[in-house]
**Q** 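Shown below is the structure under consideration.
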Amino acid sequence: MTIQLWQAVIGPLVITLLTLVFNGWHSSASISHQRTQRLRDLIYSGAWRTVHPMVLVMDVREAFGIQVALDPKGLRLALKHNDGAYAVLRDYLAARDFVTVSDDEMSFTRRVPVAARKDYGHWPVYAIAIGLVTYVLLIWLYANLAMRGDAYAWVVLPIVVVCLLIAVKVAMSLRNANRLLRLPPAIEEVFPTCP
């Protein structure tokens, strides 16, 4: 009795990967009230302006379920946009590799400054186009290898999926970066002091 490679290795890996992806999407889509309550309280009370930066970072990590290094200046700048603080914060978390806080701490700037452009222009479209061209070329390579009967043609398929996912992630991050770079500068609110 011979067990084929598909049944022994590929099948369980695909099932495991699909389970992880589905659980990741499901858990991130349903952020619980308890995880966001501390951040919500900080934002609505205005205490995010005075708390220690690590408290703000920890609350944002907990609310959005991420475990990466965050810049407290970027978080504070995102929260200064009162009308859409959560949307700006979500865009900043998605595009933090492409934007940074300006020197005056009132707006976002490109991580790699270019004198001619303030934003990334059409690069989200270019990223998707590059991803699709890479996808087509790799599928063509897979088809040619499979037609020749190459036993290792299946190795190309995970590379195809990874390339396409990376292209989509980069395009979405660049789109979010463009939205952040087009925001008007945040205005610091002055609160009256009690005598």
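All residue numbers refer to positions in the sequence shown, counting from 1.
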**Q** When rounded to the nearest 0.5 angstrom, what is the spacing between OG1 in T100 and CG in L77?
**A**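 Taking OG1 in T100 and CG in L77, the distance rounds to 10.0 Å.
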**Q** Any sub-3.5 Å donor-acceptor pair from R61's side-chain atoms to Q67's backbone N or O?
**A**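 No, the answer is negative, given that no donor and acceptor are paired below the 3.5 Å cut-off.
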**Q** Could you state whether V136 and Y126 fall into the same hydrophobic cluster, counting links through intermediate Ile, Leu, Val, Met, Phe, Trp or Tyr residues with side-chain heavy atoms under 4.5 angstrom apart?
**A**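 No, V136 does not connect to Y126 through the hydrophobic network.
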**Q** Are P72 and V57 side-chain neighbours, meaning at least one heavy-atom pair lies under 4.5 Å?
**A**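 The answer is yes; the side chains approach within 4.5 Å.
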**Q** Is there a path of hydrophobic side-chain contacts, each under 4.5 Å between heavy atoms of I, L, V, M, F, W or Y residues, that connects I130 with I139?
**A**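 I130 does not cluster with I139.
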**Q** Once you round to the nearest 0.5 Å, how far does OH of Y92 lie from CG of L75?
**A**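 Here the rounded value is 6.0 Å.
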**Q** Before giving the answer on side-chain contact (heavy atoms from CB on, under 4.5 Å), spell out for R38 and V55 the whole-Å C-alpha distance, their side-chain angles and the decisive distance to 0.1 Å.
**A** CA-CA 10 Å; R38 283 181 56 189; V55 172; 4.3 Å; yes
**Q** Establish, yes or no, whether the cationic atom of R90 lies under 6.0 Å from the six-membered ring centre of F64 and within 45° of the ring axis.
**A**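 No, R90 does not sit over the ring of F64.
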**Q** Tell me whether I166 shares a hydrophobic cluster with Y120, the cluster being built from Ile, Leu, Val, Met, Phe, Trp, Tyr side chains joined at under 4.5 Å.
**A**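 Yes, one cluster joins them.
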**Q** According to a hydrophobic-cluster definition based on side-chain heavy atoms being under 4.5 Å apart (Ile, Leu, Val, Met, Phe, Trp, Tyr only), do M147 and L138 belong together?
**A**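 Shared cluster, no.
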**Q** Could you go through Y142 and V160, starting from their C-alpha distance and side-chain angles, then the distance that decides it, and tell me whether this counts as side-chain contact (heavy atoms from CB on, under 4.5 Å)?
**A** CA-CA 9 Å; Y142 169 74; V160 169; 5.7 Å; no
**Q** Atom CG in L89, atom CD1 in I43: separation rounded to 0.5 Å?
**A**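 With rounding to 0.5 Å, CG (L89) is 6.5 Å from CD1 (I43).
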**Q** Where do A171 and P124 come nearest, in terms of heavy atoms and distance?
**A**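 The pair with the smallest heavy-atom distance is CB-O, 3.5 Å.
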**Q** Report yes if some heavy atom in the side chain of L141 is under 4.5 Å from a heavy atom in the side chain of L137; otherwise report no.
**A**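 A side-chain contact is absent here, since even the closest heavy-atom pair is not under 4.5 Å.
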**Q** Do R76 and E105 have side chains that approach each other closer than 4.5 Å (heavy atoms only, starting at C-beta)?
**A**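 R76 vs E105: side chains apart.
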**Q** When clusters are formed by joining ILVMFWY residues with side-chain heavy atoms under 4.5 Å apart, either directly or through shared neighbours, do Y135 and V170 land in the same one?
**A**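 Y135 and V170: separate clusters.
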**Q** Does the side chain of R179 come within less than 4.5 Å of F108's, by heavy atoms?
**A**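 Counting from C-beta outward, F108 and R179 never come under 4.5 Å.
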**Q** For a 4.5 angstrom cut-off between non-hydrogen side-chain atoms, does L79 reach V88?
**A**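 A side-chain contact is absent here, since even the closest heavy-atom pair is not under 4.5 Å.
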**Q** Does some side-chain heavy atom of L183 sit less than 4.5 Å from a side-chain heavy atom of H81?
**A**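 Of all side-chain heavy-atom pairs linking L183 with H81, at least one is under 4.5 Å.
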**Q** Evaluate the criterion side-chain contact (heavy atoms from CB on, under 4.5 Å) for residue pair V101 and D71; output intermediate values, then yes/no.
**A** CA-CA 9 Å; V101 178; D71 180 20; 4.0 Å; yes
**Q** With L70, which of M58, M54, R96 fulfils side chain to side chain contact (heavy atoms under 4.5 Å, CB included)?
**A**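 Of M58, M54, R96, side chain to side chain contact (heavy atoms under 4.5 Å, CB included) with L70 is met by R96 alone.
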**Q** Evaluate whether atom CG of D104 has more than 12 neighbouring non-hydrogen atoms of other residues, nucleotides or ligands under 6.0 angstrom away.
**A**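 For D104, atom CG is crowded (more than 12 foreign heavy atoms under 6.0 Å).
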**Q** Taking the side chain as everything from C-beta on, heavy atoms only, tell me whether L42 gets closer than 4.5 Å to D59.
**A**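 A side-chain contact exists here, since the closest heavy-atom pair is under 4.5 Å.
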**Q** What distance separates H122 NE2 from N178 CG, expressed to the nearest 0.5 Å?
**A**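 These two atoms lie 9.5 Å from each other.
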**Q** Distance from W140 atom CH2 to L145 atom CG, nearest 0.5 Å?
**A**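 If I round to the nearest 0.5 Å, the distance is 9.0 Å.
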**Q** Might you point out which heavy atoms bring A95 and S173 nearest each other, and give the distance in Å?
**A**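 Residues A95 and S173, closest heavy atoms: CB-O, 3.4 Å.
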**Q** Checking side-chain contact (heavy atoms from CB on, under 4.5 Å) for the pair N176/L93: CA distance, chi angles, key distance, verdict?
**A** CA-CA 9 Å; N176 291 338; L93 292 174; over 6 Å; no
**Q** Looking at S102 and S107, would you say the former's side chain and the latter's main chain have a donor-acceptor pair under 3.5 Å?
**A**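 It does hold such a pair.
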**Q** Got a second to check how far L39's CG is from Y86's OH, nearest 0.5 Å?
**A**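 So the gap between those two atoms works out to 4.5 Å.
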